[in-house]
Amino acid sequence: MARTVAPVYDPQAIEPKWRDAWKKAGLFRVVEDSSKPKFYNLVMFPYPSGPLHMGHFRNYVIGDAIARYKVMRGFNVLNPFGWDAFGLPAENAAIVSGIPPRVSIEGNIAISKHELDIMGVLYGWEREVTTCNADYYKWTQWLFLKFLEMGLAYKQKAAVNWCPKDNTVLANEQIVNGVCWRCGTKPTKKELEQWFFRITAYAQRLLDDLSKLDRWPERVRVMQANWIGRSEGADLEFAVDGDRSLRVFTTRPDTVFGATFMVIAPEHELVQKIPTKDRRRDVDAYVEQTKAETEIERLSTEHEKTGVFTGAYAINPFTNERIPIWVADYVLATYGTGAIMAVPAHDARDFEFAKKYQLPIRPVISPTPTPGATPLEAAFESYDGFLVNSGPYSGLNVKDGMAKIITEAAARGIGTRTVIYRLRDWLISRQRYWGVPIPVVYCPDHGMVPVPTNQLPVPLPDHVEFRSDGQNPLAHTPEFVDTTCPRCGKPARRDTDTMDTFVDSSWYFLRYADPHNQTLPFDKAKVDYWMPVDQYIGGIEHAILHLLYSRFFMKALYDAKMVSVDEPFAALFSQGMIQRNGAVMSKSKGNGVTPDQLVERYGADTARVYELFIGPPELDAEWNDRGVDGVARFLNRVWRLVVGEEDEAIAEANRVSAEDLTRKLHETINRVTRDVDAFRFNTAVSALMELTNLMQDYLQGGGRRDQAWEAAALGMTRMLGPFAPHLAEELWRRQGGEGLLVFQPWPELDEALLHRPQVTIVIQVDGRLRDRVEMPAGAVQADAQQRALQSANVQRALDGRRVARAVYVPDRLINLVTE
RNA sequence: GCGGGCGUAGCCGAAUUGGUACAGGCGCACGGCUUAGGACCGUGUGGCGCAAGCCAUGGGGGUUCGAGUCCCUUCGCCCGCACCA
């Protein structure tokens, strides 16, 4: 074997010095430079929760590898980092411990920074952004005022989701599976005056522009499209007893002749107005009963539909029939108009309800132009059919029927074509302390008055008294609340709500482009140079929330002419989670592996390479302690090969020619380059392992440390740069390299060297592998066929049969097909 | 229920996109080195078979000279969304 007298690979001895060298050299300290292509590399900034484990590190290692790779490829790389530092955990901890959030956050940031540092994960720290610092949230407030000015921020009383545990309201997006996304508590409904951002004004653009995001994961785009939830249909107006009317939204106006009853939500305004005397008591009781149901209970498909008749009737404007109006919990007040025309024959929910309460079911769509004779056993919901029992429209197909019915409704002034969205406006106010104060004041004379931008920031007091009753401490801090009206100077009160932390994270990537700007959130020219983010990396848990909000911000700022692109993230990568002992790594489960443990035992490079090698980066992976050993062996082997001096050829070893070694080097360059560009780090590492194995065979087979060997060693060193940067720097220096490897160019592929003079041709008979022969590359079919026929194996397989034809794939295989 | 994805050695996983199935790692076996080692180094390693060969990418069927890859069908698993009219 290759035995060496060189020093052993000792990561602890080499890693710190290279980290210092990178910092001294200003790696990732960048300015706008039009002479180089830019690359904006970004990992989602974290909430600083203290110690990090290797589950957290997967995206940081990937991000660092990409950033270093792009530097070697000659890009001007912006690679910043920061902290999403506002939010509930620090505040909740403060209530228990008494430690002010700012203090605990700063401590946590220091701890996290240390872990990033010892892993060799480096950023352009001079652009660090911390959302809870006044020099950042001043501009969050500024942008709020901008939105207010643009009509994109408004205050409204609404029935909102209230989390009783967190004592605050939640946005619709923050109700996950019917419970609070943060603490899992069932939210209740509250009528409150709240601030909203008008994200619905951008619903169509947010939907349309998903098609531009061709470098986003398909599933994220699908999730966003579902969330926006566009539905096309029509609004139709039904006359109701007593001079009233009831507006409904339907996606199936073509089925209006089959509308045999109406349903309104328990919260619908008509519920108070239309019930007949004899029904009033039942209706009131029913409404009370539905109030007691939680949102999840009511929204569950398992939930059996209930409802009561109001005693009132509507007129179907197409059939002129009087149809009963019911109140039922399966109709939601918050979608469409809060009322529906029920067409039980063609809607499964209406069908179920009609069956239960014995309401008429009238088929008006049929798979054939003539009505079916037998009663329906289930709703026929297909669009593939013809109108029947539909007066003048009978016989038309669904598409034509729909168009004509809408036209008639419009002509009669009782309906219009409509598009609605499931997306709601973004509720941004939170009744909590640790967030950005909403910069408005309330004056007895002038009402709500925005704080002038030259008076920003509205500072968040560092010291407040936390209350055991869960009320917002800001509301009980007179120094904060009591102020003067910016317009008249008389005493006024500040708004004591703070902003959802997703507001902070909706624009931090813009601040990185110009982090120290004292006069604006950012300079347009600088943002125009860097944006969009070329590669965004982060967890799938933000598929809707953060990514949708940021897209909305970008479009709003585009409309405000503050930026020149309207999509923030050109490419998105969502890494899988790391599990250990069958569960996602987490502090609470106690199954985490920390950087400190790994760095101490193996060094940062082994930890980094293992994280990349563990599996396809987009999939969840199981942490295997023995797998780490395997990577450590690999890096040790590289070290011995490159740094070692004496080698013993092994008598029985396979000989590897210099040409083979050189070809393998270039094959590896080809593969690793392709793999890194495609985020296939696991196979990139495999390719480097293969090259290492062949380099070892070369020496063991009697090869010298000649030119071919040195080229392979240097190529290996450069390619290790993004993955095992400390080791790579050390090897680079020990091979006589000048300067820092991190600034060296990525190795260049020489396509000509990929060419093999000899190739193995696979010989098949009737598609079955029978033999293989070595031939010169580029052989013509006749030669290959002749060689194939000379094979004894082939003759045995043919067994006297005649070859009818042959399929030849040059340099790969020949398939002899018998009759 | 709807939408998206996945199923390959004992385990994690490769496969140039229709052309040698299983690269690389783990594990395992044997050997070397060692006072010793669960350290380190090397060799081997899909199953059956003495061999020729046969079988093998969840199951079944199809297209093709040729299928892990394409089509149909079926089973299982994961992830979204879920009474959105």
Side-chain angles (χ1 to χ4, degrees), chain A residues 1-3 8 176-178 217-223 225-227 229-231 233 248-252 255 263 265 298-305 328-332 334-343 346-350 352-353 420-423 540 543-544 610 613-616 618-631 633-634 636-637 640 650 652-653 667 670-671 674 680 682-690 692-693 696 700 760-772 793 796-797 804-809 812-818:
Chain A
M1 62 143 291
R3 207 175 311 172
V8 296
V176 178
N177 294 326
E218 169 74 12
R219 58 178 171 155
V220 174
R221 284 184 292 162
V222 168
M223 283 163 75
N226 289 343
W227 186 262
R230 185 183 203 270
S231 284
V248 300
F249 172 77
T250 178
T251 55
R252 294 300 298 268
T255 64
V263 185
R298 215 175 123 181
L299 291 181
S300 161
T301 27
E302 323 291 281
H303 182 62
E304 195 183 332
K305 296 171 183 38
D329 59 356
Y330 79 96
V331 170
L332 307 176
T334 50
Y335 187 74
T337 62
I340 63 162
M341 63 174 205
V343 184
H346 304 291
D347 181 283
R349 298 154 299 181
D350 298 344
E352 186 191 333
F353 194 78
I420 65 167
Y421 303 88
R422 212 180 67 120
L423 181 71
I540 190 73
I544 293 174
Y610 180 62
F613 184 60
I614 192 166
E618 71 281 8
L619 301 182
D620 288 354
E622 175 75 20
W623 185 274
N624 176 357
D625 294 334
R626 308 303 297 269
V628 184
D629 288 331
V631 168
R633 274 195 284 272
F634 160 59
N636 266 290
R637 180 180 292 189
R640 281 196 315 275
I650 291 176
E652 68 272 27
E667 281 170 1
N670 196 21
R671 282 173 62 184
R674 220 180 44 212
R680 290 192 302 237
N682 55 326
T683 51
V685 174
S686 297
L688 291 174
M689 288 173 167
E690 283 184 48
T692 308
N693 293 345
Q696 175 160 302
Q700 291 181 354
T760 305
I761 305 274
V762 167
I763 305 171
Q764 296 180 337
V765 175
D766 291 328
R768 302 192 68 97
L769 177 72
R770 293 302 173 194
D771 205 353
R772 49 192 70 163
N793 285 354
R796 185 164 46 235
R805 68 190 180 102
V807 179
Y808 181 55
V809 183
R812 296 201 75 93
L813 68 75
I814 184 160
N815 186 9
L816 307 176
V817 185
T818 65

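Fair warning: this is a prediction, and the values are worked out from it, not measured in the lab. Chain naming here is simple, since letters A, B, ... match the order of the sequence lines and numbering starts at 1 in each.
With both pairing distances under 3.5 Å, rC6(B) is matched to rG76(B) as a Watson-Crick or G-U wobble pair. For rG19(B), the paired base is rC65(B) (Watson-Crick or G-U wobble, both distances below 3.5 Å). Within the shown strands, nothing qualifies as a pairing partner of rA82(B) under the Watson-Crick or G-U definition with both distances less than 3.5 Å. Applying the Watson-Crick and G-U wobble criteria (two distances, each under 3.5 Å), rG38(B) pairs with nothing in any strand. With a cut-off of 3.5 Å on both Watson-Crick or G-U wobble distances, the partner of rG44(B) is given as rC28(B). rA56(B): no Watson-Crick or G-U partner with both key distances under 3.5 Å is found in any strand.
Backbone-only contact: Arg633(A) has heavy atoms under 4.0 Å from sugar-phosphate atoms and none from a base. Using a 4.0 Å heavy-atom cutoff across all strands shown, Arg626(A) reaches sugar-phosphate atoms only and no base atom. Backbone-only contact: Asn693(A) has heavy atoms under 4.0 Å from sugar-phosphate atoms and none from a base. If you check every strand for non-hydrogen atoms under 4.0 Å, Arg770(A) touches sugar and phosphate atoms only. The residue Gly229(A) sits apart from the nucleic acid: no heavy atom pair falls under 4.0 Å. Residue Asn682(A) is classed as a sugar-phosphate contact, given heavy-atom separations below 4.0 Å to backbone atoms only. Among the protein residues, Ile540(A) comes within range of no part of the nucleic acid, since none of its heavy atoms lies under 4.0 Å from any strand.
Distance Arg796(A) CZ to rG53(B) C1': 9 Å, rounded to the nearest Å. Between the CZ atom of Arg640(A) and the C1' atom of rC40(B) there is a distance of 8 Å, rounded to whole Å. One can place CG of Asp629(A) at 7 Å from P of rG27(B), the figure rounded to the nearest angstrom. rG19(B) atom C1' lies 11 Å from atom CG of Leu769(A), rounded to whole Å. In this structure, CZ of Arg680(A) is placed 11 Å from C1' of rU17(B), rounded to the nearest angstrom. Between the C1' atom of rC79(B) and the CG atom of Asp620(A) lies a distance of 10 Å, rounded to the nearest Å. As rounded to whole Å, 13 Å separates atom P of rC41(B) from atom CZ of Phe634(A). Residue Asp329(A) contributes atom CG, which lies 11 Å from atom P of rC83(B) at whole-angstrom precision.
Between the C1' atoms of rU69(B) and rU16(B), the separation comes to 13 Å (whole Å). Distance check on atom C1': rC11(B) versus rC79(B) gives 23 Å, rounded to whole Å. Straight-line distance between the C1' atoms of rC2(B) and rC12(B): roughly 33 Å, to the nearest whole Å. When the C1' atom is compared between rU8(B) and rG47(B), the two are found 14 Å apart, to the nearest whole Å. Here the separation of rC41(B) from rG76(B), taken at their P atoms, is 46 Å to the nearest Å. Nucleotides rA52(B) and rG42(B) have their C1' atoms positioned 33 Å apart, rounded to a whole Å. Comparing rC6(B) with rC54(B), their P atoms sit 32 Å apart, to the nearest whole Å. Nucleotides rC50(B) and rA36(B) have their C1' atoms positioned 42 Å apart, rounded to a whole Å.
With contacts defined as side-chain heavy-atom distances shorter than 4.5 Å, the pair Arg219(A)/Ile540(A) qualifies.
Using a 4.0 Å cut-off, some side-chain N or O of Ser231(A) falls inside it from OP1 or OP2 of rA85(B).
Checking Thr760(A) against Asn636(A), the closest nucleotide of RNA chain B that is more toward the 5' end is the one next to Thr760(A). Along RNA chain B, the nucleotide closest to Glu690(A) and the one closest to Pro616(A) are compared, and the more 5′ of them pairs with Pro616(A).
Contacts of Asp771(A) classified as side-chain hydrogen bond (donor to acceptor under 3.5 Å, both in side chains), with partners at least two apart in sequence or in another chain: Ser791(A). Residues passing the side-chain hydrogen bond (donor to acceptor under 3.5 Å, both in side chains) test with Arg230(A), sequence neighbours excluded: Gln204(A), Glu232(A). Evaluation of the side-chain hydrogen bond (donor to acceptor under 3.5 Å, both in side chains) rule for Asn226(A) yields no partner, not counting sequence neighbours. Applying the side chain to side chain contact (heavy atoms under 4.5 Å, CB included) rule to Arg812(A) yields the partners Val809(A); only residues at least two apart in sequence or on another chain are considered.
Scanning both residues, Gly338(A) and Val331(A), for their nearest heavy atoms gives O-CG1, 3.5 Å. Across all their heavy atoms, Asp350(A) and Met341(A) have their closest contact at OD2-O, 4.0 Å. Contact between Asn693(A) and Arg637(A) at its shortest, heavy atoms only, is OD1-NH1, 2.5 Å. What you find for Ser231(A) and Phe249(A) is that their closest heavy atoms are O-CZ, 3.8 Å. When all heavy atoms of Asn682(A) and Phe613(A) are compared, the closest pair comes out as O-CD1, 3.7 Å.
In this model, no donor atom of one side chain and acceptor atom of the other lie less than 3.5 Å apart for Tyr610(A) and Asn624(A). Using a 3.5 Å distance cut-off with no hydrogens or angles, the side chains of Asn636(A) and Arg633(A) do not pair a donor with an acceptor.
Residue Arg768(A) places no side-chain atom within donor-acceptor reach of the base of rU20(B), judged by atom type and a 3.5 Å distance cut-off alone.
Interatomic distance, NE2 of His346(A) versus CZ of Arg252(A), reported as 7.5 Å (0.5 Å rounding).
For Asn793(A), counting side-chain heavy atoms from C-beta on, the closest listed nucleotide (rG53(B), rC81(B), rU20(B)) is rG53(B). Candidate nucleotides rA14(B), rA85(B), rG24(B) were compared by shortest atom distance to the side chain of Thr683(A), and rA14(B) ranks first. Nearest to the side-chain atoms of Gln700(A) among the listed nucleotides rC83(B), rU43(B), rA82(B) stands rU43(B). Taking only side-chain atoms of Met223(A), from C-beta outward, the nucleotide of rC83(B), rA23(B), rG80(B) with the closest atom is rG80(B).
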Please tabulate, one pair per line, each protein N/O and nucleotide N/O from nucleotides 60-69 of chain B that are separated by under 3.5 Å, including the distance.
from	atom 1	to	atom 2	distance (Å)
rC65(B)	OP1	Arg805(A)	NH2	3.1
rC65(B)	O4'	Arg805(A)	NH2	3.0
rC65(B)	O2'	Asn815(A)	ND2	3.1
rC65(B)	O2	Asn815(A)	ND2	2.5

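Anti is the conformation of rU64(B), whose glycosidic angle sits further than 90° from 0.
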TODO: Going 5' to 3' through nucleotides 2-11 of chain B, assign each nucleotide B (protein heavy atom under 4.0 Å from a base atom), S (under 4.0 Å only from sugar-phosphate atoms) or - (no protein heavy atom that close).
DONE: -S--------
